[in-house]
K.L.:
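My questions will all concern the structure given below.
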Amino acid sequence: MFPKNTLRPAWPPPMHNTAKNNGRAKVTASPALTREQHLDLYFFMALNRAVEEAMVRLFRQNKIVGGLYSSLGQEAVSVGTAYALEKRDWMAPMIRNIGSLLVKGVPPRDIFTQHMARYTSPTKGKDGTSHFGDLKNLHIVSPISMLGDLIPVMTGVAMAGRYLGQKIVAMTWIGDGGSSTGAFHEGLNLAAVQRAPLVLVLENNQWAYSTPVSRQVPLRDLADRARAYGVHSAIVDGNDVAAVYQTAKAAVDRCRAGQGPVLIEAKTMRMRGHAQHDPAEYVPQGMFEYWKARDPIERCEKFLTANKLWDAKTKSEIHARIDGLIKADLEFAENSPLPPPELAEQGVYCEGPLCLEPRWERPIAEVTPPGCSVQAAWKVSDPGSIEAGQAMPGAPLAKFTRMEKTPAAPRSPAKGSTKKIAARSKGRR
Amino acid sequence: MFPKNTLRPAWPPPMHNTAKNNGRAKVTASPALTREQHLDLYFFMALNRAVEEAMVRLFRQNKIVGGLYSSLGQEAVSVGTAYALEKRDWMAPMIRNIGSLLVKGVPPRDIFTQHMARYTSPTKGKDGTSHFGDLKNLHIVSPISMLGDLIPVMTGVAMAGRYLGQKIVAMTWIGDGGSSTGAFHEGLNLAAVQRAPLVLVLENNQWAYSTPVSRQVPLRDLADRARAYGVHSAIVDGNDVAAVYQTAKAAVDRCRAGQGPVLIEAKTMRMRGHAQHDPAEYVPQGMFEYWKARDPIERCEKFLTANKLWDAKTKSEIHARIDGLIKADLEFAENSPLPPPELAEQGVYCEGPLCLEPRWERPIAEVTPPGCSVQAAWKVSDPGSIEAGQAMPGAPLAKFTRMEKTPAAPRSPAKGSTKKIAARSKGRR
Amino acid sequence: MEPVTFLEAIRQALFEEMDRDPAVICIGEDISVYGGAFKVTAGLLERFGWERVIDTPISETAIIGAACGMSYLGLRPVVELQFVDFIACCFNQLTNFVAKSNYRWGAPVPMVVRAPSGGGVHGGPFHSGNPEMYFMHTPGLKIVYPSTPYDAKGLMKAAIRDNNPVLFFEHKFLYRRIKEALPAEDYVVPLGQAMVRRKGSDLTIVSYAAMAHTSLEAAAELAKEGIEAEVIDLRTLVPLDQETIVNSVKKTNKILIVHEDTRTGGIAGEIAAILNEQAFEHLDGPITRVTALDTPVPYSPPLEERFLPQLADIVRAARDLARF
Amino acid sequence: MEPVTFLEAIRQALFEEMDRDPAVICIGEDISVYGGAFKVTAGLLERFGWERVIDTPISETAIIGAACGMSYLGLRPVVELQFVDFIACCFNQLTNFVAKSNYRWGAPVPMVVRAPSGGGVHGGPFHSGNPEMYFMHTPGLKIVYPSTPYDAKGLMKAAIRDNNPVLFFEHKFLYRRIKEALPAEDYVVPLGQAMVRRKGSDLTIVSYAAMAHTSLEAAAELAKEGIEAEVIDLRTLVPLDQETIVNSVKKTNKILIVHEDTRTGGIAGEIAAILNEQAFEHLDGPITRVTALDTPVPYSPPLEERFLPQLADIVRAARDLARF
Ligand SMILES: Cc1ncc(C[n+]2csc(CCOP(=O)(O)OP(=O)(O)O)c2C)c(N)n1
Ligand SMILES: Cc1ncc(C[n+]2csc(CCOP(=O)(O)OP(=O)(O)O)c2C)c(N)n1
Ligand SMILES: [Mg+2]
Ligand SMILES: [Mg+2]
């Protein structure tokens, strides 16, 4: 990737469950959350909101280049889902997933500098907003604006991880509106047919820009999209961060166990316009009030208080930490230079070595067996249709990828035997 | 369209229920088929097979330009579905729907000349195979090779027909493989959200080229694709022509009644390779035998005999008529010239008038009311989400397209009132 | 008449054409209640109702496909792409289905695809595109890329009345930055006619859209130095008005082509090839181009400024060429 | 060594690269059991198994997207598109996601997209395409379009080892029509180097892929008339070997560009612009092009013949240019 940027200090900040596992509590399969987890979730939601509030101020000061999108009211979705990932896992955020970035370990300054198009940003000003990633350390893939496109990409990430023997899960997000794109369909279908460890979070926030869900999808529950792919799905109250986390955790576990992709619909509400310029006058009366009363951060606060998981001191400590973080990172961002114009000309092609060489976590010999010989044929028991088709949705992966291996004699490449195959029938369309 | 081609004689040939309604029995909502309908279905299946057998002979004689695709074993799907359409309805065939073309009124000579790339073909040699259409008379839209693309197009046809007040239905086909394309998803989703009168026939013939269904779609029943769109669906034995017809008829009726699109999965088997050059060696042992025993034409013959709907004389009359047709049209095709080279340079743009002006079957005033004024707002009763979303799947169309009309004062275009709207907020992304 | 913006001129064309012909309908994302991302369709819903101003799901392939199907029944759909960059998402429907329809089977596709395009507003790599050459290289599509409110309105009307698919690029930098008083009566600017915006004898500058304005500014600068540049605004890229270009070059003997699109494979190359064929002996200097860099459009202002052709770049190149 | 076909040369390259590097995997439609529509991947499944030879659903966007994702973990996927024409169905993933990845956020995408392309086999409007210019106009992609078995094998190896997305066009007319004996040892043909296939002094003919062969035939014809044409086979379109073209033109002073792609917006224009910039004073005749018509590819043999550049067209144009 980019040459090491000396201007960017270390992250993450000290957290409840410090040090290991990216600075947050190691999540286990246990359904009940620990106090630390609850406080972590609260911390990240509050941080998410504070980062975005800071950016609204920057926007009003004309310091943001381009548009500014808000995830106000949706913080529980971003935070709760990403919190279910482990450090080794991969994710690809969408425009409203600032919270997910923070949870995965991106410092606020990266988000500020991106939006201010500074040279110190992860993309050095080449791209803005949440359009950045980190292959090597945080395992984050940058989104592009075209909705849906991340889904096939993250399916590929999931497939590659499996091939390399890494036990990773890939997570990405899509909006209610984005679920109508062809890329959504092709990506989720490929993930399903490959049983790839992909968690797709469908953030149903009632609106796609100015268009209500009903004009985009004729479904009551968008989780039903999953039925077209035989994919496991779940619906969760997107404003209940603990519920979101638990749902995501179950999905991640399922994926890691090799049971194929999961689609989670999180029902929530976009509490601002599409972006900062949009006053959202098209939102019917009462909708904002209804959802305001269900604000995920307030709900979390009430929960923490009711369950005596914190006291006023803890709360003010958390907020003090957040304020400190924001202040320092804002200062850093505001003092950062814009990129030098010449940078525009650089980097269309990768001239150097790959930034990420494949990390094998299984014996390479397994994928290049010296005498491997697979019988190139489909099996059938019920002649009415193909056996694999009947068996696959439930079948373990190994059966899927290797079922036809037979101990035949090895064949070498450019020599006789394969030539025969090539000659067998002349390929035409 | 093209200047009238004097070389192409009239079609269709005399049929059981002659003269009106495109030469075949007028279909009604009755579930039981008449003898004439059974015989029609048989006639078209047999004609379909005979046309393709003739083309296989042409292929062996090197008279076919390019590839030759076969629908052997799938004739009941093409014929049974198209038979449910009325003359005014629109259809767009795929490569294996020669039978549908015949039913809709395309003479075999068009199919022969297309495959032989002759000047007398509907496209004059510009394109081949079933890549032709007829906007004006038969209401057939030409497919392109890219799978899935017809679905949005036929959705548009269905929407336009409704807008013009024509009570038409649009029908198109897709393969099991083609159902994985983005165009399938986007097209069917739009049709669903618009409640467009579209019948989509998903021909599950177990294979997409060499790839079994199980490697394309992790579903037992491909009809489940419909669930992602809240769309009505049906599954039918694709080798039982009467069942196919009845299913399609119910779907067409449903569409015409304004109840939105329908997806029909017809389960069948492709009894040849992907195209003539493909020996289909990848098809597992036993599959062809299994399906051969369920040949749709033989099944229909047995049914007609068992139910005493015909005798040997009727059968031989039908086959004699088919033989005569094929012979005459083959002769016509073989004697047809190839196009003159200069034709290659012509027709990229339409220089003349439109070949099909809009045919209004409702008062134009209805769509351009002089004092129309719609309130530009979404309605809501349940603030948790948008009302339209809850109501739409079952709601009648009128409610959907007009629900927000209120008797406010008319506004004129480029003047004050609309200007205010434009000024209201500055559009940015 | 009061001067109106570029954006308002297009809006007027839509209103008037929809008023004139019930076969004209609008379809796209967020175009009804919201009036489109840039408010070009604001007020259309109130005037023409839900049947003629159709919001769609986010599915550009479905939109283009549906519009094509509608056109087969004689309608004249006007599609709005929210940003032209998303045209990549319906590339197949446009280039394979729509563009080839008339040639293959004689089925014309009278439709217009409107799309906010172009850079200079810090839109970044996915909201600043100028993809016109993809489509100029696709036989079967017409391409309009206007630079003034008058042309935008007149060309939009011509595009809607044309029996072919027309891509109508709307440079978003121009939307609210320029104004012009328009005729009260119905008028059309025919497709395929370039416009000589400034007469000159020393060299010809060919451009279009936002760069037409920058080229005119450059010509004004050059005039101060005594260099008289003739400035041609192409207005329509397909059909391309070769005659106007060739005639100008026969007079000035030198040509500079300016485009905001990336360099390699841009329209400058095509014009260079045409001039070699039709005016080689008239050329007294190398056909010269000032274009954007061969990179994606970068986000940060100093980068985007470097990426885009600047006034100074044009002046410098023109000066060098004039002196050649 | 026995001579092998163009197709077999590519197949050998795939075998040897997969043998060499476990990060190389193949993905596409019908490539495993069937060995691909043209049998280029025949035998790979038997040798490398299901994990490395992956059949996909019919979804080009998913294929390109997944390959891109795989490359982010260090794999080197080789995608097969069944026909290059279907590249329109993944245009967005390729041009927006893949091509811009390294520039935007420093994430290289080492992948190869193989695609049977080109006309002359009566494939009609959707199985005969030459869409190279769409991608030459897209910064971030490399483009290879070889004309011989030796080059095809060596360039495929270079493409797989390159750290950028490479489109590898395989002209299907050449698949089984030409043969060549190949070296026994591993070799690479570096990207970005054109090849002078024939020396000459009267004019330069630049071409690539199937038309490189027709151009050589034309040069042989011309030699009979005493016209010595230098024939350059580009082999790689991006990066384009401008030096070889410019040096040749400085010697011959005349250039004819031949491409099977449609005329407007084709590579001839780009080369014309480059030569104006770098060799204007060396040009003793108009830069000339012989190309396909500006139409979709028609199906019927006499139409396709008219559509495609023919030997006689090249000879005639070269003769005129030589006499200029
Ligand atoms: C393919 C594509 N078409 C159009 C757009 C323009 N656009 C950006 S965001 C948006 C609405 C997205 O709605 P949704 O997916 O529900 O996400 P949300 O904004 O609600 O988070 C649209 C139409 C786009 N980015 N990509
Ligand atoms: C978008 C696209 N990708 C690839 C192809 C190449 N192709 C042509 S037919 C075919 C298989 C189609 O299978 P299916 O949809 O099941 O239809 P069937 O042939 O079984 O009728 C493929 C892959 C294509 N035509 N379009
Ligand atoms: Mg949304
Ligand atoms: Mg099939």
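Each chain gets a letter, A, B and so on, in the order the sequences are listed, and its residues count up from 1. Computed from heavy atoms alone, side chains included, the values below leave out hydrogens, waters and symmetry copies.
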K.L.:
Would you check, one step at a time, whether the test side-chain hydrogen bond (donor to acceptor under 3.5 Å, both in side chains) holds for D:Tyr134 with D:Thr95?
P.N.:
CA-CA 9 Å; D:Tyr134 293 140; D:Thr95 62; over 6 Å; no
K.L.:
For a quick test of reading the model, state the closest non-hydrogen atom pair linking D:Thr288 to D:Ala317 and the distance between them.
P.N.:
CG2-CB, 4.4 Å
K.L.:
Does D:Phe169 offer a backbone N or O that forms a donor-acceptor pair with the side chain of D:Arg114 under 3.5 Å?
P.N.:
no
K.L.:
Does the side chain of D:His259 reach to within under 4.5 Å of the side chain of D:Pro309, using non-hydrogen atoms?
P.N.:
no
K.L.:
Step through the atoms of chain D and chain B and list each donor-acceptor pair whose separation is under 3.5 Å.
P.N.:
unit_1: D:Asp30; atom_1: OD1; unit_2: B:Ser210; atom_2: N; d: 2.9
unit_1: D:Asp30; atom_1: OD1; unit_2: B:Ser210; atom_2: OG; d: 2.7
unit_1: D:Asp30; atom_1: OD1; unit_2: B:Thr211; atom_2: N; d: 3.3
unit_1: D:Asp30; atom_1: OD1; unit_2: B:Thr211; atom_2: OG1; d: 2.7
unit_1: D:Tyr299; atom_1: N; unit_2: B:Lys126; atom_2: O; d: 2.9
unit_1: D:Tyr299; atom_1: OH; unit_2: B:Val65; atom_2: O; d: 2.4
unit_1: D:Ser300; atom_1: N; unit_2: B:Gly125; atom_2: O; d: 2.9
unit_1: D:Ser300; atom_1: OG; unit_2: B:Ala117; atom_2: O; d: 2.6
unit_1: D:Arg306; atom_1: NE; unit_2: B:Glu345; atom_2: OE2; d: 2.7
unit_1: D:Arg306; atom_1: NH2; unit_2: B:Glu345; atom_2: OE2; d: 3.3

K.L.:
At a heavy-atom separation under 4.5 Å, does B:Leu147 approach chain D through its side chain, its backbone, both, or neither?
P.N.:
side chain
K.L.:
Classify the angle between the aromatic ring planes of D:Trp105 and D:Tyr72 as parallel (below 30°), tilted (30 to 60°) or perpendicular (above 60°).
P.N.:
perpendicular
K.L.:
Sort and list the pairs that fulfil salt bridge (charged side-chain N to carboxylate O under 4.0 Å, His left out) and have at least one residue in residues 117-127 of chain D, not counting sequence neighbours.
P.N.:
none
